[in-house]
Amino acid sequence: MQNSDKNRIDGHKLIFHPKTVARWLEGEQIYPVYMEISPSGACNHRCTFCALDYREYRPKFLPTGLLKQRLTELGRLGVKSIMYGGEGEPLLHRDLEEIIIHTAQSGIDVALTTNAVLLSADRARRIIPHTAWIKASINAGTPETYAAVHQTGAGDFDRALENLAAAAELARRDGGGCVVGAQIILLPENAAEIERLARLTRDAGLQYLVVKPYSQHHLSKTCRYSDIDYAPYLDLRERLQKYQDDNFSVIFRTNTMLKMQRERRGYQRCQALPFWSYIDAEGVVWGCSAYLGDERFRYGSILKESFESVWNGRLRMDSLAFVAERLDPEQCRMNCRMDEINLYLWELTHPAAHVNFI
């Protein structure tokens with residue numbers, strides 16, 4: 001199967017920011033390249049695999065006016081991109097379109113992850129010209145399985161696909177380059193339906209479907225998928241090839257699935273935290289999204305002070321010291337979002353012999 005992962009979804013993109021990495025290697029203070037922001041703590045679904053179920057889907061929403069002030073600041077500080085997703089469904093925030101537009105106007109690339117049920121054509125029309133990509137979580141190929149996995153009404157399956165088809169058509173008409181795609185968490189319940197979902201999303205005009213493994217969050221209430229063995233599912237990669245064409249790709253995350261079987265991570269310390277950050281629906285800045293609620297990773301609140309003050313504050317310095325000196329990555333969530341970046345940074349800072357013989 002040819003490489004369809006042109007956007008390095010199964011890898012990392014820090015290699016495209018060598019100046020920032022060089023500054024970090026020299027010990028300079030840097031601001032995040034990428035951030036995730038949760039505009040809403042509430043969610044309209046209760047997915048059986050939800051890693052953040054322990055956050056309890058609280059109906060908290062970031063205040064629009066203050067968030068826009070902080071977004072202007074983040075653009076000034078050099079933040080390159082923000083993905084709106086998080087603990088809840090971002091489209092439940094009534095001002096999300098206004099927030100996305102302001103983010104783009106602040107010089108920051110914007111992305112949105114959503115279940116797409118609330119992605120009406122009117123909302124899509126407003127945000128697509130300002131958005132780099134939209135990715136929807138659709139974790140089944142039939143309404144019945146979708147309802148069971150998402151723990152919602154079966155009608156949401158068709159509604160999400162219809163909304164995505166409309167968004168994809170709007171993106172093509174707009175010509176601004178917004179990419180509309182979908183992803184599915186590969187589970188025993190939906191494995192037999194992934195080919196059907198590939199066909200449906202392709203025919204709906206989406207540009208890609210990502211098939212990714214489940215990863216157990218160490219704080220999640222649910223543990224029903226903690227022992228999934230992905231070896232029996234690897235042949236899906238070849239079977240999905242027939243759904244690809246010039247306009248549609250299936251990104252089967254083989255590398256991530258194979259890493260689930262490794263004995264060691266390949267790095268002894270997490271070094272990725274200076275390059276990204278997370279803001280939850282209550283305005284708290286966290287060093288790592290795998291440790292939301294763990295005070296050792298709490299940096300401060302953008303509701304109380306500027307992001308610059310939070311980033312340069314004592315809480316963050318203490319957190320980074322803890323991570324550098326005491327955190328054992330082997331105890332972290334397997335295949336965390338920064339895993340590939342940590343492998344890259346560890347090799348940079350612990351090079352093998354003969355690296356000058358390029």
Side-chain angles (χ1 to χ4, degrees), residues 36-47 57 59-72 75 81-140 143 146-147 150 152-184 197 200-210 247-248 281:
E36 295 180 15
I37 295 180
S38 178
S40 165
C43 191
N44 53 340
H45 288 179
R46 293 292 185 272
C47 297
Y57 314 105
K60 301 287 186 178
F61 301 91
L62 286 172
T64 303
L66 186 141
L67 178 57
K68 288 170 67 176
Q69 292 178 35
R70 298 294 183 256
L71 289 168
T72 300
S81 66
I82 289 175
M83 182 187 80
Y84 289 106
E87 307 114 84
E89 167 53 51
L91 285 168
L92 282 171
H93 195 297
R94 63 183 181 182
D95 296 327
L96 187 65
E97 300 99 293
E98 179 182 345
I99 291 166
I100 285 175
I101 292 169
H102 188 84
T103 307
Q105 291 173 342
S106 299
I108 302 171
D109 293 344
V110 186
L112 171 66
T113 57
T114 172
N115 59 40
V117 173
L118 301 175
L119 186 63
S120 66
D122 182 62
R123 300 186 87 176
R125 190 176 293 109
R126 291 190 65 195
I127 66 175
I128 279 173
H130 310 279
T131 307
W133 54 263
I134 297 171
K135 182 164 61 180
S137 179
I138 304 180
N139 297 284
Y146 180 91
H150 284 250
T152 186
D156 279 0
F157 179 74
D158 289 334
R159 187 174 296 110
L161 284 174
E162 289 167 5
N163 288 345
L164 288 168
E169 178 60 27
L170 286 167
R172 281 190 292 273
R173 292 181 191 173
D174 176 73
C178 179
V179 174
V180 181
Q183 74 172 23
I184 181 170
L197 182 63
L200 288 172
T201 50
R202 180 198 63 190
D203 294 349
L206 276 62
Q207 290 180 257
Y208 66 83
L209 173 68
V210 177
N247 301 309
F248 180 77

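Hydrogens, waters and symmetry mates are skipped; everything else that's a heavy atom, side chains included, is used. Every value quoted in this text rests on a predicted model; they were computed, and no experiment measured them.
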Minimum heavy-atom separation for [X] to [Y], with atom names?
X	Y	result
Ser40	Pro90	CB-CA, 4.4 Å
Gly205	Ala168	O-CB, 3.4 Å
Tyr146	Ala140	N-CB, 3.3 Å
Ala121	Leu170	O-CD1, 3.7 Å
Cys178	Gln207	O-OE1, 3.7 Å
Ala281	Gly41	CB-N, 3.3 Å

Residue of the set Leu71, Ile82, Ile37 for which side-chain contact (heavy atoms from CB on, under 4.5 Å) holds with Ile99: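 Of Leu71, Ile82, Ile37, side-chain contact (heavy atoms from CB on, under 4.5 Å) with Ile99 is met by Leu71 alone.
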Rounded to the nearest 0.5 Å, what's the gap from [atom1] on [X] to [atom2] on [Y]? Could you check?
X	Y	atom1	atom2	answer
Gln183	Leu197	CD	CG	11.0 Å
Phe248	Asp203	CZ	CG	8.5 Å
Cys43	Leu92	SG	CG	7.0 Å
Ile128	Glu169	CD1	CD	10.0 Å

Any non-hydrogen side-chain atom of [X] less than 4.5 Å from a side-chain atom of [Y]?
X	Y	result
Leu118	Asn44	yes
Ile138	Phe157	yes
Val210	Ile184	no
Arg125	Asp122	yes
Leu96	Arg123	yes
Leu67	Asp95	no
Thr152	Arg46	no

Looking at [Y], is its backbone amide N or carbonyl O close enough to the side chain of [X] to form a donor-acceptor pair, meaning the two atoms are under 3.5 Å apart?
X	Y	value
His45	Cys47	no
Asn163	Val117	yes
Arg172	Ala167	no
Thr131	Val110	no
Glu89	Ala42	no

Using side chain to side chain donor-acceptor pair (under 3.5 Å), reason through Thr64 and His102 one step at a time and then give a plain yes or no. CA-CA 10 Å; Thr64 303; His102 188 84; over 6 Å; no
Here's one to test your reading of the geometry: is the NZ or CZ of Arg94 within 45 degrees of the ring axis of Phe61 and under 6.0 Å from its centre? no
Checking Tyr208 against Thr201 for the side chain to side chain donor-acceptor pair (under 3.5 Å) test, could you report, in this order, the C-alpha distance in whole Å, the side-chain angles of both residues, the deciding distance, and whether it holds? CA-CA 8 Å; Tyr208 66 83; Thr201 50; over 6 Å; no
Start with the C-alpha distance between Thr113 and Met83, add both sets of side-chain angles, then the distance that settles side-chain contact (heavy atoms from CB on, under 4.5 Å), and finish with yes or no. CA-CA 7 Å; Thr113 57; Met83 182 187 80; 3.4 Å; yes
Salt-bridge criterion met for Arg159 and Glu162 (N-O under 4.0 Å): no
Applying salt bridge (Lys or Arg N to Asp or Glu O under 4.0 Å), run through Arg126 and Glu98 and close with a yes or a no. CA-CA 9 Å; Arg126 291 190 65 195; Glu98 179 182 345; over 6 Å; no
Could you check whether Asn139 and Ser137, counting side-chain N and O atoms only, form a donor-acceptor pair closer than 3.5 Å?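 Yes, Asn139 and Ser137 have a side-chain donor paired with an acceptor closer than 3.5 Å.
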Is there a donor-acceptor contact under 3.5 Å linking the side chains of Tyr84 and Thr103? yes
